There are 2 protein chains.
Amino acid sequence: MSNIRIELTANPKQKPQGPLHFGRYFTDHMFLMNYDKGEGWHDARIVPYGPFPLDPAAMCLHYGQEVFEGMKAYLTPDGTIQLFRPDENFKRLNCSNERICIPQVDEELCLEGLKKLIEIDKDWMPTEKETSLYIRPFIIATDAHLGVSPGEHYLFAVIVSPVAAYYETGLDPVKIYVEKSYTRAVKGGTGMAKTGGNYAASLIAQVEAYEEGFSQALWLDGVEKKYVEEVGTMNVFFVVDDEVITPALNGSILSGITRKSSIDILKSWGVKVTERRIAIDEIVEFHKQGRLKEMFGTGTAAVISPVGMLRYDGHDMPIGDGTTGALTQKLYDALTGIQWGTAEDTFGWTVPCCKL
Amino acid sequence: MSNIRIELTANPKQKPQGPLHFGRYFTDHMFLMNYDKGEGWHDARIVPYGPFPLDPAAMCLHYGQEVFEGMKAYLTPDGTIQLFRPDENFKRLNCSNERICIPQVDEELCLEGLKKLIEIDKDWMPTEKETSLYIRPFIIATDAHLGVSPGEHYLFAVIVSPVAAYYETGLDPVKIYVEKSYTRAVKGGTGMAKTGGNYAASLIAQVEAYEEGFSQALWLDGVEKKYVEEVGTMNVFFVVDDEVITPALNGSILSGITRKSSIDILKSWGVKVTERRIAIDEIVEFHKQGRLKEMFGTGTAAVISPVGMLRYDGHDMPIGDGTTGALTQKLYDALTGIQWGTAEDTFGWTVPCCKL
Ligand SMILES: Cc1ncc(COP(=O)(O)O)c(C=O)c1O
Ligand SMILES: Cc1ncc(COP(=O)(O)O)c(C=O)c1O
């Protein structure tokens, strides 16, 4: 057992009343750990949630040397709070670290700190349907130094937020807009890492999508602007005839844990799932031929999110009959069943954390 | 005249003794201003330099919504402290803002705040040859919100650092390494904006360049990996026969103010300067033919930096005789003459700030 220092708050906050808008409320504590060159990661601790006093020259504020993760804790019917594949998140965090030149973290220590934190703040767990605790581990470079080079000092933190559904429309199908001019990520870039710059690059397209009445933008590859990549915070899947297709991991899209889990669930049902390069023109063609039956996005925040309309090049493609498709719904039920503990976890994906 | 509130420090810091390593020391004060949705930019103020208390959920720490600028104040022989084309920097800041969905700033107010700040901290101006005050304006999104969307709250800041030359080798030629696998920026991305993510993406190549004994990496375009773009913090120029060539502004490279000024100076001498797409293979060919006479980088921090060796694909190309080329030296002298006020500023680029 490692040594995690614990300092409890003397001033617990009021819990949010009313709707849990995504990522706006934070629990009473946070897990922190520092890295200093020569010393490595040290001083793992759980302390009251509160501001970081960052030097104005802190590298993360200038050179974007920052990575993050997103996962959830779910309340099961028997009162257990459980995590979903948390090891995958910390593994991915270390992949992001590698690309962004941040030192590797001890994945087990991170998980231990996270579990302890959830236990301490467990009375923040919301209990309504489809709510959860959203967990945000992240690392920032804190050196007060304006030279462009990797930092020598980092802060690792985990903060926790009680949340309802990401899209305020719930499981209603969302409208997605294919972005043609802006680029989010490219081969050799940082697309496969969960790092700030990718999201900063994506904001402008999202604003334009909103203005047109769409929820998010669907990105095409940065080289040829021909192949489907992913949506702002979701991987995407298409149901074409009886086959499910999704863009292959090519280095510029994020390797989603919900994506990976969805593929496994679908395959366990005998559904044919193909990961491959998918041209947007193919999707248009499938739609014309009436073969594009369903489309959905996958992500920790958005869970399984049906897409009801895709716009490409001024051309609107309604998908299905405007309601959630049968396979999308079945996948949603299966995945959320495992996550919220109402179905058996035959894959061994859940990790119990504590009792409420 | 606008209202800039001023609060002077009661505890001036000790000035650095010894070598002024780049971007490690900061003056006693900083210029700040806040933006809140509905209210716009407000509360412009100069206050003692000190940490920002940032909420752990602050958007800039997660989604890289941050932009910056880099400029310098120079001490002239008559004791005037002057700026070099500061209007260009604030114009570029607003271009970066546009791409990253940050509200536009009032360029005149920024310049006024900056001048006032330099005046207040003028006794930090170093006086040795080639030293200056490096000025870093920047903006960060401060909303404590984990949804991916543009912030509604921002902090604008200017901090100031006394500096010597960026490369510790001074005007000695640097060695540059052409990066083949990683990508820094791509068409439709954020390359033309001065935003954190571009620099985070570049660190890994810089680390590899260092390990091979090179100072920086030269980036190729993200689409074809064929065309020369720029170096980590410099634009690049090649002297081929009697012509100077430099990559055209294509949306993925930064529009450097030193680049622009260098082009104007060279043209004023009757030198032929061409901005165009330049394939790295062409450079290799020019080198083979003995036509690549000089190469240099341009940037506020690095000034005019001669390149003495270029490595591409395992192939080393020594440039010139290992010393600074004649045109590079002449350009360096002309530009630094204007900046440090030892030559006449026939272009009208300098802006006096105060007397030391
Ligand atoms: C860009 C991007 N793609 C995909 C995903 C989905 O990944 P996961 O299923 O691991 O949450 C996310 C987010 O979480 C994301 O930010
Ligand atoms: C990526 C990049 N290119 C070029 C430059 C040179 O621009 P300027 O001459 O305006 O300083 C800089 C930096 O300052 C830079 O960061």
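Keep in mind that this is a model prediction, so the values were computed, not measured. The chains referred to below are lettered A, B, ... by the order of the sequence lines, with proteins before strands, and numbering in each begins at 1.
Interface residue B/Lys187: only backbone heavy atoms are found under 4.5 Å from chain A. Contact annotation for A/Ile140: only side-chain heavy atoms (C-beta onward) come within less than 4.5 Å of a heavy atom of chain B. Residue contact with chain B, scored on non-hydrogen atoms closer than 4.5 Å, is absent for A/Ala157. Heavy-atom distances place both the backbone and the side chain of B/Tyr182 under 4.5 Å from chain A. Contact annotation for A/Gln206: only side-chain heavy atoms (C-beta onward) come within less than 4.5 Å of a heavy atom of chain B. Proximity to chain B is absent for every atom of A/Tyr25, based on heavy atoms less than 4.5 angstrom apart. If you measure heavy-atom distances from A/Leu54 to chain B, the contacts under 4.5 Å come from both the backbone and the side chain.
Contacts of residues 93-102 of chain A with chain B at a heavy-atom distance below 4.5 Å involve A/Glu98, A/Arg99, A/Ile100, A/Cys101, listed in sequence order. By a heavy-atom distance cut of under 4.5 Å, A/Ala144, A/His145, A/Leu146, A/Gly147, A/Val148, A/Ser149, A/Pro150 are the residues of residues 144-151 of chain A near chain B, going up by number.
Of the listed residues (B/Pro51, B/Ser181, B/Gly197), the greatest number of heavy-atom pairs within a distance under 4.5 Å of chain A belongs to B/Pro51. The most heavy-atom pairs under 4.5 Å with chain A, out of B/Arg136, B/Gln65, B/Glu224, B/Met59, come from B/Arg136. Most heavy-atom pairs under 4.5 Å with chain B: of the set A/Asp143, A/Leu155, A/Ile159, this distinction falls to A/Ile159. Across A/Gly188, A/Gly23, A/Gly64, the residue that shares the most heavy-atom pairs under 4.5 angstrom with chain B is A/Gly188. For the set B/Gly196, B/Ala141, B/Ala185, the count of heavy-atom pairs under 4.5 angstrom toward chain A peaks at B/Gly196. Ranking A/Phe26, A/Phe138, A/Tyr199, A/Tyr63 against chain B, the residue ahead of the rest is A/Tyr63, based on heavy-atom pairs under 4.5 Å. The greatest number of non-hydrogen atom pairs below 4.5 Å with chain B, out of A/Val207, A/Thr190, A/Leu61, is found for A/Leu61. Most heavy-atom pairs under 4.5 Å with chain A, from the set B/Val163, B/Leu203, B/Val223: that is B/Leu203.
The environment of NZ in B/Lys13 is crowded: more than 12 heavy-atom neighbours from other residues, nucleotides or ligands sit within 6.0 Å.
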| query | Yes or no on side chain to side chain contact (heavy atoms under 4.5 Å, CB included) for B/Asp55 and A/Phe52, after CA distance, side-chain angles and deciding distance? | reply | CA-CA 6 Å; B/Asp55 194 284; A/Phe52 297 153; over 6 Å; no
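Atom CD in A/Glu66 sits 5.0 Å away from atom CD in B/Glu66 (nearest 0.5 Å).
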